Amino acid sequence: MNIIQTSNLKKEYDMGKVSVMALNGIDMSIEQGEFVAIMGPSGSGKSTLMHILGCLDKPTDGTYILAEQEVSQLTKSELAAVRNEKIGFVFQTFNLLPHMNILLNVELPLMYAGIGRTKRKRRAIEVLESVGLGDRLNHKPSELSGGQRQRVAIARAIVNHPSIVLADEPTGNLDSQAGSDILNIFSDLHKAGHTIIMVTHDHVVSQSANRIIKIIDGKIVDGNLS
Amino acid sequence: MAISLKESLVIGFTDFWSRKIRSFVTILGIILGTMSIIVVLAIVNGVNKSTLAWMSERGGLTKIDVQRNWNYDEQNVGKRFLTLRELNFIHTKIPEVTAFNPQLQDYKKFKHVDKSYNAQLIGVLPDFTIAEEWDADQGRFISKYDEDYSNDVIVLGTALKDKLFGAREAIGQYVTMGNLQLRVIGIMKERIFKQPGGGFGGGNMLEYLNYQAFIPLSTMIHKVTGTDEIESFSVKAPNPQSATEIRQKLEALLLNLRAGKPIFTVEAAQEEMEQMKKNSMIFQVIFFLVASISLMVGGIVIMNIMLATIQERTREIGIRLAVGARRRDIFMQFMIQTVLMTSIGGVLGIMIGFSILKYVGKYLNTVVAASSMMVVIALIVSAGVGLVFGIFPAIRASNLDPVEALRNE
């Protein structure tokens with residue numbers, strides 16, 4: 001079953017006199033349970049693709065079906081709900097809220113899902129324990145190492161049982177040891193059945209994935225399912 | 001499904017608390033604004049209360065006074081007084097009044113044995129006690145019998161009694177005035193009215209009344225003045241609402257009796273009270289405006305800080321959007337935070353306002369009266385400032401684009 005299905009996805013940025021075609025007709029399908037790496041040089045449009053796949057942005061044209069729902073024409077609020085229910089993000093810069101301890105950070109998606117306090121706390125602790133941070137619940141992000149912070153971010157990404165986990169250069173800000181730890185966690189998640197899409201420009205990192213999609217100038221040049 | 005109000009309140013309070021010093025400085029304007037509203041309202045309330053107390057000391061709100069018009073000084077305008085016949089005629093035209101009391105005054109030398117004292121002697125009718133809401137405390141006041149038979153009886157004010165009799169019993173004793181010997185039948189109740197807050201040197205503003213003495217009007221006319229040239233009288237309206245109508249009737253009657261010349265003035269306490277309220281209203285409005293302007297300034301400061309806060313927290317907003325916060329959630333987060341801040345400022349302002357009220361009253365030498373209504377007003381106003389000035393920053397926050405916000409450093 002395809003968890004992601006796009007056809008002729010386009011994104012055009014209006015830069016005054018000229019317009020830039022960041023995505024120029026992406027036809028892509030990703031099956032449930034895949035671990036896919038999206039690769040491309042900077043300016044290739046991989047970030048734009050990731051924003052659209054993550055429902056943070058809308059395509060100018062084309063369709064995008066995520067978990068059997070057409071999402072390319074939804075309103076901002078509907079997109080927020082889709083992000084909350086179906087997508088978990090892992091960013092290069094972790095993007096944790098600095099004033100909250102890591103437990104509250106992981107609870108955040110559940111809070112916006114309208115889940116009660118005790119239930120979401122239980123769930124957040126469970127997930128933090130699974131990434132090996134069960135003893136750091138009351139720590140602020142600034143009290144943790146980079147690798148630990150990224151593990152918190154992964155816990156936050158999967159806490160609401162999303163359809164896909166989107167990771168944008170997840171090892172970009174980590175040393176090689178911490179980076180490979182994080183990639184191992186992604187591999188474990190993959191084995192546990194999660195669909196993972198990772199954007200990267202690093203060949204070594206992309207080897208963790210079981211399929212590599214290459215993008216150049218807003219088009220897929222390699223790695224699509226035939 | 002959006003997050004609950006309780007959830008938003010927790011977020012708002014956590015934000016407030018995690019930046020304690022900044023939060024406090026931010027709401028300082030609201031604290032001062034609310035404080036000044038409390039103080040202003042308490043002063044206004046106090047002035048109104050003491051005005052009412054003063055009016056009731058002067059005979060209540062249903063009293064209507066007729067006096068010589070001292071501002072009217074044209075020559076040859078006829079009698080500047082009313083005769084008993086005219087007064088009786090006036091009384092028949094306003095039968096609804098509950099009291100009708102002419103007063104004929106003279107300044108006399110009172111004697112008792114070896115003591116003497118100059119004081120005001122007033123001839124009155126038994127209705128005096130109703131018209132002035134003032135009666136004898138010991139003994140009795142002048143009766144209809146005394147009036148009908150022009151009895152030689154006198155009722156003394158407490159201060160005059162002290163001057164003539166000291167601590168000795170006065171009732172049953174005699175006061176002489178020239179050839180006239182008057183038997184003391186009663187001592188008036190002592191009149192005391194101190195301006196609360198110690199105005200007028202803290203003295204008794206009604207002490208002069210305690211130096212007055214009262215005899216029957218007929219005794220006054222026949223045995224003291226020899227004439228019935230009465231310059232003032234007062235009547236009592238059955239209720240405050242009818243005071244204006246009776247005042248108008250009296251004015252018309254008196255103008256008729258004196259060929260349209262305004263020789264007498266007619267004043268209804270109720271109307272005076274309303275006029276006083278109207279006059280003080282202007283100051284109330286000005287005070288309130290000034291206090292409101294300081295609140296507005298407080299609100300603008302908050303709006304400014306909130307805009308800066310949102311700028312600073314753009315990335316946080318992006319993160320919240322990414323994990324599923326809706327625009328409404330972001331809007332509510334900042335809205336509630338602003339209202340929470342101004343409300344906390346409001347509560348602090350109310351508390352400080354109340355605690356300094358006593359000193360303000362002492363310093364300004366005026367009455368201050370707090371009421372629970374003021375707390376409600378101050379709370380509503382301070383929360384309202386949060387609502388008004390929180391909207392714009394909250395809209396700005398909720399309009400942020402997730403991609404742009406996440407890119408923000």
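Fair warning: this is a prediction, and the values are worked out from it, not measured in the lab. To find a chain, count down the sequence lines: A is the first, B the second, and so on, and within it residues start at 1.
- With no hydrogens or angles considered, a side-chain donor-acceptor pair links T63(A) and S7(A) at under 3.5 Å.
- Using modelled atom types, one finds a donor on one side chain and an acceptor on the other under 3.5 Å when comparing S19(A) with E12(A).
- Side-chain contact of N408(B) with E404(B): a donor-acceptor pair under 3.5 Å is absent, judged by distance alone.
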field: Verdict with supporting geometry, V199(A) and Q92(A), side chain to side chain contact (heavy atoms under 4.5 Å, CB included)
entry: CA-CA 10 Å; V199(A) 175; Q92(A) 179 177 2; over 6 Å; no
Pairs of donor and acceptor atoms involving the side chains of residues 287-301 of chain B, under 3.5 Å and at least two apart or interchain, shall be tabulated with distances.
unit_1  : atom_1 : unit_2  : atom_2 : d
S292(B) : OG     : F288(B) : O      : 2.7
S294(B) : OG     : A291(B) : O      : 2.7

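- By a heavy-atom distance cut of under 4.5 Å, R315(B), E316(B), I319(B), R320(B), L321(B) are the residues of residues 309-321 of chain B near chain A, going up by number.
- Looking only at heavy-atom pairs under 4.5 Å with chain A, the residue among L406(B), V323(B), D15(B), T14(B) that has the most is V323(B).
- In this structure, no portion of I87(A) lies under 4.5 Å from any heavy atom of chain B.
- Most heavy-atom pairs under 4.5 Å with chain B: of the set L108(A), L104(A), N160(A), N95(A), this distinction falls to N95(A).
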Please table the atom pairs, donor to acceptor, closer than 3.5 Å between any side-chain atom in residues 38-55 of chain A and protein atoms at least two apart or in another chain.
unit_1 : atom_1 : unit_2 : atom_2 : d
S44(A) : OG     : P41(A) : O      : 2.7
K46(A) : NZ     : G40(A) : O      : 3.1
H51(A) : ND1    : S47(A) : O      : 3.4

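- With sequence neighbours excluded, no residue satisfies salt bridge (Lys or Arg N to Asp or Glu O under 4.0 Å) with K86(A).
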